[in-house]
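This report concerns only the one structure given below.
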Amino acid sequence: MPELPEVETTRLGITPHLLGRRISRLVIRQPKLRWPIPQRLISSLPGQRIEAIERRAKYLLVHTVAGSALLHLGMSGSLRVLDADSAADKHDHYDWLLDSGRLLRFTDPRRFGSLLWQAAGTTHELLARLGPEPLSADFNGDRLWRLSRGRSAPIKTFIMDQSIVVGVGNIYAAEALFAAGIHPRRKAGSVSRERCQRLAEAIKRILDHAITRGGTTLRDFISPDGVPGYFEQELYVYGRAGEPCRNCGSAIRSISLGQRSSFYCPQCQH
DNA sequence: ACTTTAGCCTGTCGGC
DNA sequence: TGCCGACAGGCTAAAG
């Protein structure tokens with residue numbers, strides 16, 4: 001479910017409920033997520049006060065003086081803030097009880113999400129090799145062009161590589177390539193400097209816009225406030241196989257790249 | 001050094 | 001109605 005805009009929407013939704021609150025207790029019903037919830041977190045987090053909430057790639061970092069909890073939503077995860085007496089459902093894997101009388105609850109049917117611990121002053125291994133944030137100045141067309149030289153991987157696979165740029169998942173990769181007029185299967189190394197520029201700009205514009213629209217609602221994405229995202233209505237190619245291109249009317253095609261479905265317009269993308 | 005594949009899980013949907 | 005395979009928004013680790 002969640003790509004960068006959904007994670008950012010989640011961050012914005014939970015922050016006012018969490019900031020400055022103390023975590024009184026953890027309730028863990030299912031410790032086996034993408035990785036097991038570390039014992040270090042279980043012993044360190046209770047009693048801590050939440051100092052800040054940051055997003056890095058698709059991770060949410062909840063900072064305390066002892067260290068930071070890293071929360072990842074995986075494919076199907078979501079976070080909500082509820083009253084402390086709210087009954088837990090089948091896929092509600094952990095709760096953080098807060099001193100406000102509310103709780104932060106993680107729900108994730110597929111259990112690809114994670115809850116990890118980063119001790120104060122250290123960087124978790126999973127964050128250590130991440131590429132730049134797509135919305136930062138560190139990520140730009142020149143960098144994309146430079147890193148892609150000599151690379152034979154499809155450009156779509158390339159921009160979904162978290163060491164190149166973070167936060168670009170299947171939906172937004174497809175949309176950005178459409179906006180830049182680039183065929184998803186084109187070798188990354190054969191994309192010109194000018195088109196790398198356009199692609200980087202498209203990634204920024206589309207992600208930024210999706211955040212302002214509250215993320216994309218597909219299947220069951222609901223922001224922490226219960227408001228669905230509205231970006232779905234603005235998709236040009238993702239999930240539109242056989243439907244007419246909004247630009248030229250050609251039928252949108254679907255192909256498989258690296259076991260992920262990819263959508264593109266055969267007329268507008270080369 | 002890069003690219004590809006397998007795998008972590010469950011739910012849903014379409015076809016028969 | 002039920003069974004079965006295909007597929008789903010992420011990402012890492014291992015294999016090639």
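Every heavy atom of this structure was used, including side-chain atoms; hydrogens, water molecules and symmetry mates were not. Throughout, a chain's letter reflects where its sequence line sits, starting with A, and its residues are numbered from 1.
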On a heavy-atom basis, which atom in A/R56 and which in A/G131 lie closest, and how many Å separate them? NH2-O, 2.8 Å

Looking at every strand, decide which applies to A/S261 at a 4.0 Å heavy-atom threshold: base, sugar-phosphate, or nothing. sugar-phosphate

Whole angstroms only, please: what is the CG-P distance between A/D108 and B/dC9? 12 Å

Hey, does A/K58 reach any base, or is it just sugar-phosphate, or nothing, if we go heavy atoms under 4.0 Å? sugar-phosphate

Quick one about A/S24 and A/D99 (side-chain donor to acceptor, distance below 3.5 Å, no hydrogens or angles considered), yes or no? no

Value in whole Å for how far the P atom of C/dG10 lies from CD of A/E6: 9 Å

Distance test, side-chain N/O of A/Y238 to OP1/OP2 of C/dG9, below 4.0 Å: yes

Could you check how far CD1 of A/I164 sits from C1' of C/dT12, rounded to whole Å? 16 Å

Do A/R149 side-chain atoms and A/G189 backbone N/O form a donor-acceptor pair below 3.5 Å? yes

Between B/dT10 (P) and A/F106 (CZ): distance, integer Å: 14 Å

Where does DNA chain B form stems of at least three consecutive Watson-Crick or G-U wobble pairs, each pair having both distances below 3.5 Å? B:2-8 with C:10-16, B:10-16 with C:2-8

Figure out the CZ/P separation between A/R260 and C/dA8, and round it to whole Å. 8 Å

When you compare C/dT12 with B/dG11, how far apart are their P atoms, in angstrom units rounded to a whole number? 25 Å

Nucleotide B/dT10, atom P - distance to CG of A/D89 in whole Å: 15 Å

Mind jotting down which residue pairs meet the salt bridge (charged side-chain N to carboxylate O under 4.0 Å, His left out) criterion with at least one end in residues 186-195 of chain A? Sequence neighbours excluded, please. A/D142-A/R193

Running the 4.5 Å side-chain criterion over Ile, Leu, Val, Met, Phe, Trp and Tyr, what cluster does A/I255 land in, apart from itself? A/L257, A/Y264

Please check if any side-chain donor atom of A/H63 sits under 3.5 Å from a side-chain acceptor atom of A/S68, or the reverse. yes

Tell me whether A/Q267 at atom CD has more than 12 heavy atoms from other residues, nucleotides or ligands lying less than 6.0 Å away. no

Would you measure the distance from the C1' atom in C/dA13 across to the matching atom in B/dT10 and give it in whole Å? 22 Å

State whether A/H91 places a side-chain N or O below 4.0 Å from either non-bridging phosphate oxygen (OP1 or OP2) of B/dT10. no

Can you label the angle between the A/Y236 ring and the A/F178 ring as parallel, tilted or perpendicular, going by 30° and 60°? parallel

Show which side-chain atoms of residues 158-165 of chain A pair as donor or acceptor with protein atoms under 3.5 Å away, not counting sequence neighbours.
residue : atom : partner : partner atom : Å
A/D161  : OD1  : A/S163  : N            : 2.8
A/D161  : OD1  : A/S163  : OG           : 2.8
A/Q162  : OE1  : A/G167  : N            : 3.2
A/Q162  : NE2  : A/M160  : O            : 3.1

For a quick test of reading the model: is some side-chain N or O of A/R129 closer than 4.0 Å to OP1 or OP2 of C/dT12? no

Could you tell me the separation between the CD atom of A/Q162 and the P atom of C/dA13, rounded to a whole number of Å? 13 Å

Counting only pairs under 3.5 Å, give me each side-chain donor-acceptor contact of residues 38-53 of chain A, with atom names and distances, residues two or more places apart or in other chains.
residue : atom : partner : partner atom : Å
A/S43   : OG   : A/Q39   : O            : 3.2
A/S43   : OG   : A/R40   : O            : 3.1
A/S44   : OG   : A/R40   : O            : 2.7
A/Q48   : OE1  : A/T64   : OG1          : 3.4
A/Q48   : OE1  : A/A66   : N            : 3.4
A/R49   : NH2  : A/E51   : OE2          : 3.4

Contact class for A/K90 vs. all strands (heavy atom < 4.0 Å): base, sugar-phosphate, or nothing? sugar-phosphate

Could you run through nucleotides 1-8 of chain B and give me one letter per nucleotide, 5' to 3': B if any protein heavy atom sits under 4.0 Å from the base, S if only the sugar-phosphate is that close, - if neither? -SS-S-BB

Over how many whole Å does the gap from A/L130 atom CG to C/dG10 atom P extend? 15 Å

With rounding to whole Å, what would you report as the distance between C/dC7 and B/dT5 at their P atoms? 16 Å

